[in-house]
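Written out below as structure tokens is the structure these notes cover.
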Amino acid sequence: MLLFDKEQIRSSSPGKWQEDAFQHFESKMVDTTHKFPCIPATVGFKLDHFRYGFISDPRSDQAAEELAELLRMFGEQSHAFGKYTSLITFFDTPDDLKKQFQVSDYRHLFWDVLSKVSARDEEEWPVQIPNDPHHHVWEYCYGGEQYFMYCATPAHERRQSRQFPYFIFAITPRWVLTQFNSNQQSASQIKAKIRERIEAYDELDIHPDLHFYGSLDNFEWKQYFLNDDNESTAMSKCPFAHLHLKKQP
């Protein structure tokens with residue numbers, strides 16, 4: 001598996017669907033008319049702090065193996081990529097998957113992929129992060145690193161901020177978000193602008209599950225995959241709850 005920067009993608013011709021996926025992503029990031037809501041993401045793209053990976057059909061076990069390897073590599077190198085870095089992973093999304101899968105199907109697929117990736121994690125769960133996903137400071141971890149997970153799918157229509165022609169994960173290290181929030185005044189201003197952009201970008205109001213990390217009413221796992229409406233996640237429990245229980249002595 002390889003981690004690409006954007007110039008490497010442009011020069012290496014990784015494949016037809018890979019090039020198409022990246023071109024769609026680039027279009028979202030540089031669109032000055034229909035501005036993508038996440039301002040730090042557009043900055044990270046412009047500065048080439050992002051790294052990209054191309055992964056097999058997400059329904060395959062191979063996809064989980066590939067994502068686990070990319071996360072391992074990214075976790076080891078991310079501090080060298082820049083303060084706005086994220087790992088952007090594009091999955092091969094065949095036409096049959098695009099035609100048959102609804103938002104709910106992609107939600108199950110998202111958690112299935114993450115569960116399989118976690119099963120390959122050789123590092124201990126970080127001691128500062130609770131095992132209970134229903135704790136307000138829980139978040140996804142791999143290789144001892146903490147990450148915010150974002151998923152977009154071809155099935156999303158009304159929530160354009162979560163729509164993409166391919167199944168895609170954007171994975172941001174917690175240290176990036178902590179550094180962003182270190183200047184509270186600047187961060188508050190940017191967050192307010194982001195919320196304005198979301199309202200303009202989506203056909204829907206801001207999703208009720210979107211809160212700030214660490215606040216008592218926040219559950220990170222609910223933000224990873226948002227529905228295409230303003231209903232909270234249909235799952236009463238995070239799928240990771242049972243995985244943590246299995247790891248208990």
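The structure presented is a predicted model; accordingly, all values stated were derived computationally and were not measured.
Although no hydrogens or angles enter the test, the distance criterion places a donor-acceptor pair under 3.5 Å between the side chain of Arg197 and the main chain of Phe36. A donor-acceptor pair under 3.5 Å is absent between the side-chain atoms of Glu199 and the main chain of Glu196, judged by distance alone. Judged by distance alone, with hydrogens and angles left aside, the side-chain atoms of Ser86 form no donor-acceptor pair with the main-chain N or O of Ala170 at under 3.5 Å. Side-chain N or O atoms of His79 include none that pairs as donor or acceptor with a backbone N or O of Trp175 at under 3.5 Å. One N or O on the side chain of Glu66 and one on the backbone of Ser56 form a donor-acceptor pair closer than 3.5 Å. In this structure, Asp5 contributes its side chain and Arg51 its backbone to no donor-acceptor pair below 3.5 Å. Remark: side-chain polar atoms of Ser118 are not paired, donor with acceptor, to backbone N or O of Ser115 under 3.5 angstrom.
Pairing each heavy atom of Gln160 with each of Asp202, the nearest pair is N-OD1, 3.0 Å. The two residues Asp57 and Ser60 have their closest heavy-atom pair at O-OG, 2.7 Å. Across every non-hydrogen atom of Cys141 and Ile129, the tightest pair is SG-CG1, 4.0 Å. Closest approach of Thr93 and Pro154 over heavy atoms only: CG2-CG, 4.2 Å. Here the closest heavy-atom approach between residue Pro37 and residue Ser161 is recorded as CG-CB, 4.2 Å. Minimum interatomic distance between Gln179 and Ser182 (heavy atoms only, all atoms of both residues): O-OG, 2.6 Å.
The structure places CZ of Arg59 at 4.0 Å from CG of Leu97, a figure rounded to the nearest 0.5 Å. With rounding to the nearest 0.5 Å, the separation of CG in Leu109 from OG1 in Thr153 is 10.0 Å. To the nearest 0.5 Å, atom NE2 of residue His156 and atom CD of residue Gln163 are 9.0 Å apart. Taking CD1 of Ile190 as the start and CZ of Arg195 as the end, the distance is 15.0 Å to the nearest 0.5 Å. The distance from atom CD of Gln18 to atom OG of Ser12, rounded to the nearest 0.5 Å, is 9.5 Å. Note that CZ of Phe74 and OG1 of Thr89 are 10.5 Å apart. Values are rounded to the nearest 0.5 Å.
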Worksheet entry | side-chain contact (heavy atoms from CB on, under 4.5 Å) evaluation trace for Leu114 with Trp111 | CA-CA 5 Å; Leu114 278 193; Trp111 287 109; 4.2 Å; yes
Fill in: Worked verdict on Asn230 versus Arg159 for side chain to side chain donor-acceptor pair (under 3.5 Å)
CA-CA 9 Å; Asn230 272 348; Arg159 193 172 301 286; 2.6 Å; yes
Item to complete: Take Tyr140 and Tyr224, measure what ring-ring contact (aromatic ring centres under 6.0 Å, His included) needs, and give me the verdict at the end.
Response: CA-CA 10 Å; Tyr140 184 78; Tyr224 296 168; 7.2 Å; no
Practice prompt. Please test Lys46 against Met29 for side-chain contact (heavy atoms from CB on, under 4.5 Å), starting from the C-alpha separation and ending with a verdict.
Written response: CA-CA 8 Å; Lys46 182 178 180 180; Met29 292 297 104; over 6 Å; no
Item to complete: Begin with the C-alpha distance, continue with both residues' side-chain angles, and end with the deciding distance and a verdict on side chain to side chain donor-acceptor pair (under 3.5 Å) for Asn227 and Arg162.
Response: CA-CA 9 Å; Asn227 291 334; Arg162 295 293 178 124; over 6 Å; no
Fill in: Chi angles and distances behind the side-chain contact (heavy atoms from CB on, under 4.5 Å) call for Ser27, His24
CA-CA 5 Å; Ser27 295; His24 278 289; 5.7 Å; no
Worksheet item: Could you go step by step and tell me if Phe169 and Phe91 meet the ring-ring contact (aromatic ring centres under 6.0 Å, His included) rule?
Response: CA-CA 8 Å; Phe169 290 7; Phe91 290 83; 4.9 Å; yes
Item to complete: Determine, step by step, whether Leu70 and Leu3 satisfy the side-chain contact (heavy atoms from CB on, under 4.5 Å) criterion, reporting the C-alpha distance in whole Å, the side-chain angles of both residues, the deciding distance to 0.1 Å, and the verdict.
Response: CA-CA 7 Å; Leu70 287 172; Leu3 287 173; 3.8 Å; yes
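When ring centroids are compared, Tyr147 and Tyr142 stay outside the 6.0 Å threshold. In this structure, the ring of Phe90 has its center less than 6.0 angstrom from the ring center of Phe25. The ring of Tyr84 has its center no closer than 6.0 angstrom to the ring center of Phe180. The distance between the ring centers of Phe54 and Phe4 falls below 6.0 angstrom.
For Glu157, the CD atom counts as loosely surrounded, since its 6.0 Å shell holds 12 or fewer non-hydrogen atoms of other residues, nucleotides or ligands. Heavy-atom neighbours of Gln184 CD from other residues, nucleotides or ligands within 6.0 Å: at or below the threshold of 12. Around atom CD of Gln128, more than 12 heavy atoms belonging to other residues, nucleotides or ligands sit under 6.0 Å away. Heavy-atom neighbours of Lys28 NZ from other residues, nucleotides or ligands within 6.0 Å: above the threshold of 12.
Relative ring orientation between Phe110 and Phe225 is described as tilted, the plane-to-plane angle lying within the 30° to 60° band. By the 30° and 60° cut-offs, the orientation of the rings of Trp125 relative to Trp138 is parallel.
A cation-pi arrangement is found for Lys98 relative to Tyr166, the charged atom lying closer than 6.0 Å to the ring centre and inside a 45° cone about the ring normal.
A heavy-atom distance below 4.5 Å is not found between the side chains of Val113 and Ile55. Here the side chains of Asp105 and Gln100 are not in contact, with every heavy-atom distance at 4.5 Å or above. By the 4.5 Å heavy-atom criterion applied to side chains, Tyr201 and Lys35 are not counted as neighbours.
Hydrophobic clustering (ILVMFWY, side-chain heavy atoms < 4.5 Å, transitive): Phe148 and Phe164 are in one cluster. In the hydrophobic clustering of ILVMFWY residues, with side-chain heavy atoms under 4.5 Å counting as a link, Phe50 and Val176 come out apart. Follow the hydrophobic side-chain contacts under 4.5 Å out from Tyr150 and you never reach Leu204; the two are in separate clusters.
A salt bridge links Asp112 and Lys116; the closest N-O separation between the charged side-chain nitrogens and carboxylate oxygens is under 4.0 Å. Glu76 has a carboxylate O that lies under 4.0 Å from a charged side-chain N of Arg72, or vice versa, which qualifies the two as a salt bridge. Ion pair Lys6/Glu26 not flagged as a salt bridge, since none of the NZ, NE, NH1 or NH2 atoms sits closer than 4.0 Å to an Asp/Glu carboxylate oxygen.
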